[in-house]
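Just so we're clear, the structure is a prediction, and the values are computed from it rather than from any experiment. Only heavy atoms go into these numbers, but all of them, side chains included; no hydrogens, no water, no symmetry mates.
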Amino acid sequence: MGEDIFRKIEYLRKKIRKYNDLYYKHGISEISDFEYDMLLKELEQLEKRYGQEGLFSTDAEVSPASSVGSDLTEGFRKIKHKIRMLSMANSYNSSDLIDFDNRIKKIAGSISDIEYCVEYKIDGIAVSLIYEKGKLLYAATRGDGETGDDITANFKTLKEIPFDLKKDVDFEVRGEIYINKQDFKNLNKIRETEGLELLANPRNATAGSIKLLDISEVRKRPLKMICYYLGGDVSTRKHSENIELLKEMRFPAISYCKVCRNINEVIQECSFWEERKNNLEYDIDGLVIKVNDLNLQAELGDTAKSPRWVMAYKFSPERAETVLKEIQFQVGRTGAVTPVAVLEPVQISGTIVKRATLHNYQDLSAKDLRIGDNVFIEKAGEIIPQIVSVNLNKRSPVAEKFSMIERCPACNEILFKPEDEAVYRCVNASCPAQIQRQIEHFASKAAMDISGLGPSLIKSLLEAKIISDISSLYDLKTNVLSSIERMGEKSSANLIRGIEESKSRGLENLIFALGIRQVGKEAAVSLARYFKAIESLMSAGFDELTIISDVGEKTAESIVSFFKNPKNVELIDKLKEHGVNTVFTGNSGRSIEFFDGKTFVITGSFESLDREELKDLIVKSNGKVSTAVGKSTDYLICGSNPGSKYEKAMEQRVEIIDQSRLDQILAEKDSFFN
Ligand code: IVH
């Protein structure tokens with residue numbers, strides 16, 4: 001295999017893995033389904049053409065062309081699936097469907113018509129429910145296909161699911177957890193009033209909700225399930241009959257499961273729904289075509305990644321054509337300058353789009369976008385609009401090639417492009433756009449959580465020269481604020497209080513707030529735990545830093561160079577002078593929301609803290625600790641070598657928090673919403 005091909009394969013695998021992780025673990029679609037599928041197709045074709053040779057050469061992981069994306073999340077017990085949960089092959093047009101039909105006939109050695117079922121492809125999160133003796137034993141996510149996350153406790157908050165059938169039968173039900181469109185809108189409305197970050201789309205909201213650590217939060221989420229598979233003792237011989245049976249068993253079975261006598265009828269169904277896909281109360285991202293005869297399904301079997309008896313039919317992505325009016329450049333917190341396309345407003349998938357993401361200048365020049373071009377835009381997974389291509393037929397002969405700006409749009413500094421990066425950067429430490437973003441980050445909820453200090457106020461304060469950098473926030477006085485428009489006495493006093501309160505945030509908040517490149521909240525927590533004081537972190541060398549979990553080589557390098565900069569050292573000094581906390585107050589210094597108002601029983605021993613410390617922390621966080629598992633117990637916190645309380649909790653179906661979940665709670669990681 002040539003070096004170039006090899007590199008291309010590696011490149012595609014890396015890219016697909018990245019998108020898999022974003023999608024399955026964080027519910028984010030950065031590219032459209034169609035673009036993703038095209039990448040995957042290209043990889044599959046290359047791997048097929050050049051054989052398996054060199055397939056595992058530089059990365060130990062299996063190629064994403066022959067494995068399933070993973071949703072596995074730390075903090076949940078792992079469950080091995082009885083039958084693997086696979087993904088599905090995709091089709092986009094009638095000839096793909098005819099190929100599918102022909103493949104099946106060939107394997108089955110049959111020339112007569114195959115009966116299919118056509119169903120909605122629900123855009124949610126796959127779940128497997130295992131019932132023993134008629135009772136729900138557990139609910140698990142797809143995970144990596146072999147092993148899933150145990151989400152039983154969270155799943156039990158769903159209404160309309162029979163948890164006990166009072167019948168001695170063992171079976172499995174599979175389906176999709178989802179949030180319908182109206183419920184999603186309501187949920188976001190509530191979040192808006194509570195000042196919480198809005199959720200991107202129903203699928204993303206579902207993915208985050210089902211993996212929340214706090215069950216009382218899960219209860220507030222309008223999660224539902226649609227069932228599309230039944231296996232085990234009760235199964236009939238046809239998929240369509242199983243769907244009927246699910247209804248009789250009072251499961252919320254898929255409402256549309258149309259039996260088609262042959263592939264032509266399937267094709268008609270597909271074009272029928274192409275026009276009507278937006279009229280349902282929940283999102284569907286296509287249709288699913290299944291061989292109806294379950295014996296034939298078994299005969300067809302699976303490939304490494306997907307069953308041969310099923311095919312997804314993906315609707316063509318919604319596209320719109322519009323004019324590219326302008327390309328603007330935004331300057332980020334770290335000086336990265338990224339292009340944004342300003343478009344003639346156009347309607348797509350029910351919303352009006354005015355701007356589109358261009359990842360970096362490379363992306364922009366690869367597409368050869370020119371001002372005034374007619375461009376096709378698509379919504380990536382119905383979220384972020386993207387420019388997919390230019391309509392060259394409509395290009396003006398005088399349209400000029402776009403060249404990258406040379407100077408920072410905010411401060412006029414000459415831009416610099418590090419060789420190993422795709423982005424251009426403004427390296428002026430006093431660039432006003434960067435300062436604005438740095439202060440926004442510093443004040444954000446996960447950082448110093450300064451309430452009342454949002455982007456527009458920061459902008460006004462900077463423009464009025466009332467503040468000039470992060471540390472100047474702590475010099476603010478109520479009287480100067482009154483000169484700012486819309487700042488009444490009350491909001492000024494609130495802001496000053498917010499700033500004052502931020503002085504007592506944890507060291508982990510401060511480390512995160514500094515905005516050191518590569519240092520996310522998780523790394524900040526580990527650094528705070530390890531170094532205990534900002535000075536020790538400041539003097540730490542590369543080798544010491546890399547010992548810490550969550551800190552890789554790049555992160556370590558970035559930390560060292562951050563504190564080498566005298567301006568940053570000066571910033572820390574000023575913050576200290578103002579009385580900002582710079583030491584780790586440990587778990588005892590703060591309260592943890594998760595414990596608030598709940599009753600816990602503790603058993604076994606723990607790695608990260610001793611039992612007395614844990615008790616102390618729960619009590620300080622307004623929770624209760626009782627000695628025996630009873631009716632009022634919300635959770636059993638279970639360390640290593642647990643006592644009989646463990647069995648008691650299992651018996652009484654009290655939810656169990658193990659060591660890794662406890663660690664997650666202590667780090668206050670609230671699933672994907674932080
Ligand atoms: S049956 C793949 N039926 O789509 C094994 N899956 O992209 C057969 N999905 O992981 C699954 N609607 O989570 C089936 N009516 C439906 C479905 C459906 C949505 C999901 C499922 C699967 C994913 C593959």
Side-chain angles (χ1 to χ4, degrees), residues 25-29 71 73 75 122-125 127 139 141 151 153-161 176-226 252 278 280-284 349-352 379 381-384 440 443-457 486 490-491 494-495 497-498 501 521 591-598 621-623 634-635 655 664-665 668-674:
K25 296 202 201 304
H26 306 283
I28 296 169
S29 311
D71 71 46
T73 312
I122 299 124
D123 199 11
I125 303 299
V127 64
T141 65
I151 52 159
N154 285 354
F155 182 78
K156 282 191 168 170
T157 64
L158 268 73
K159 302 184 183 74
E160 297 165 15
I161 309 285
E176 209 79 356
I177 305 179
Y178 72 102
I179 293 180
N180 80 28
K181 293 190 225 170
Q182 189 54 47
D183 286 341
F184 171 73
K185 278 190 191 150
N186 297 343
L187 179 65
N188 258 351
K189 256 190 215 146
I190 299 171
R191 291 179 71 87
E192 199 171 5
T193 58
E194 290 176 349
L196 297 171
E197 203 183 308
L198 298 189
L199 305 169
N201 59 14
R203 186 185 182 279
N204 168 290
T206 309
S209 300
I210 203 63
K211 298 255 178 112
L212 284 171
L213 294 174
D214 182 346
I215 198 160
S216 59
E217 273 305 309
V218 186
R219 264 187 214 111
K220 294 185 202 158
R221 304 291 169 94
L223 296 168
K224 291 190 169 168
M225 178 183 182
I226 291 180
N278 291 331
L280 299 170
E281 52 183 44
Y282 42 82
D283 282 334
I284 61 173
S349 322
T351 52
I352 294 185
K379 275 194 141 187
E382 316 289 318
I383 322 170
I384 315 156
E440 283 173 20
S444 66
K445 210 165 168 52
M448 299 300 267
D449 192 12
I450 305 180
S451 58
L453 190 59
S456 57
L457 180 57
R486 287 196 305 271
K490 209 169 160 196
S491 37
N494 282 346
L495 176 61
R497 185 160 14 94
E501 280 172 5
K521 190 68 194 267
S591 69
I592 289 184
E593 233 181 276
F594 179 81
F595 296 140
D596 190 345
K598 292 175 200 129
S621 312
N622 197 30
D634 291 308
Y635 296 93
E655 201 185 344
Q664 206 174 4
I665 294 165
E668 294 223 277
K669 279 187 271 172
D670 182 13
S671 184
F672 308 120
F673 298 123
N674 264 336

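Between the OG1 atom in Thr157 and the CD1 atom in Ile215 there is a gap of 6.0 Å [rounded to 0.5 Å]. From Asp183, atom CG reaches atom OH of Tyr178 across 8.5 Å, with rounding to the nearest 0.5 Å. Once rounded to the nearest 0.5 Å, the distance linking NZ of Lys224 with CD1 of Ile179 reads 10.5 Å. For the atom pair CZ of Phe155 and CD1 of Ile177, the computed distance is 5.5 Å after rounding to the nearest 0.5 Å.
The two residues Asn154 and Ser209 come nearest to each other via the heavy atoms ND2-O, 4.4 Å.
Lys156 pairs by the side chain to side chain contact (heavy atoms under 4.5 Å, CB included) definition with Leu136, Thr152, Phe163, Arg653, not counting sequence neighbours. Under the rule for a salt bridge (charged side-chain N to carboxylate O under 4.0 Å, His left out), the partners of Lys598 that lie at least two apart in sequence or sit in another chain are Asp214. Remark: Tyr635 engages Phe594, Phe600 in a ring pair (Phe, Tyr, Trp, His ring centres under 6.0 Å) (not counting sequence neighbours).
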Under the side-chain contact (heavy atoms from CB on, under 4.5 Å) rule, what do Asp123 and Ile284 come out as? Steps first, then yes or no, please.
-> CA-CA 5 Å; Asp123 199 11; Ile284 61 173; over 6 Å; no
Report the C-alpha distance between Thr206 and Phe184 in whole Å, list the side-chain angles of each, state the deciding distance to 0.1 Å, and finish with yes or no for side-chain contact (heavy atoms from CB on, under 4.5 Å).
-> CA-CA 9 Å; Thr206 309; Phe184 171 73; over 6 Å; no
Is there a side-chain contact (heavy atoms from CB on, under 4.5 Å) between Asp71 and Lys211 once you walk through the steps?
-> CA-CA 10 Å; Asp71 71 46; Lys211 298 255 178 112; 3.0 Å; yes
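Taking the side chain as every heavy atom from C-beta outward, Lys185 and Lys181 never approach each other to under 4.5 Å. Asn201 is not listed as a side-chain neighbour of Asp283, based on a closest heavy-atom distance of 4.5 Å or more.
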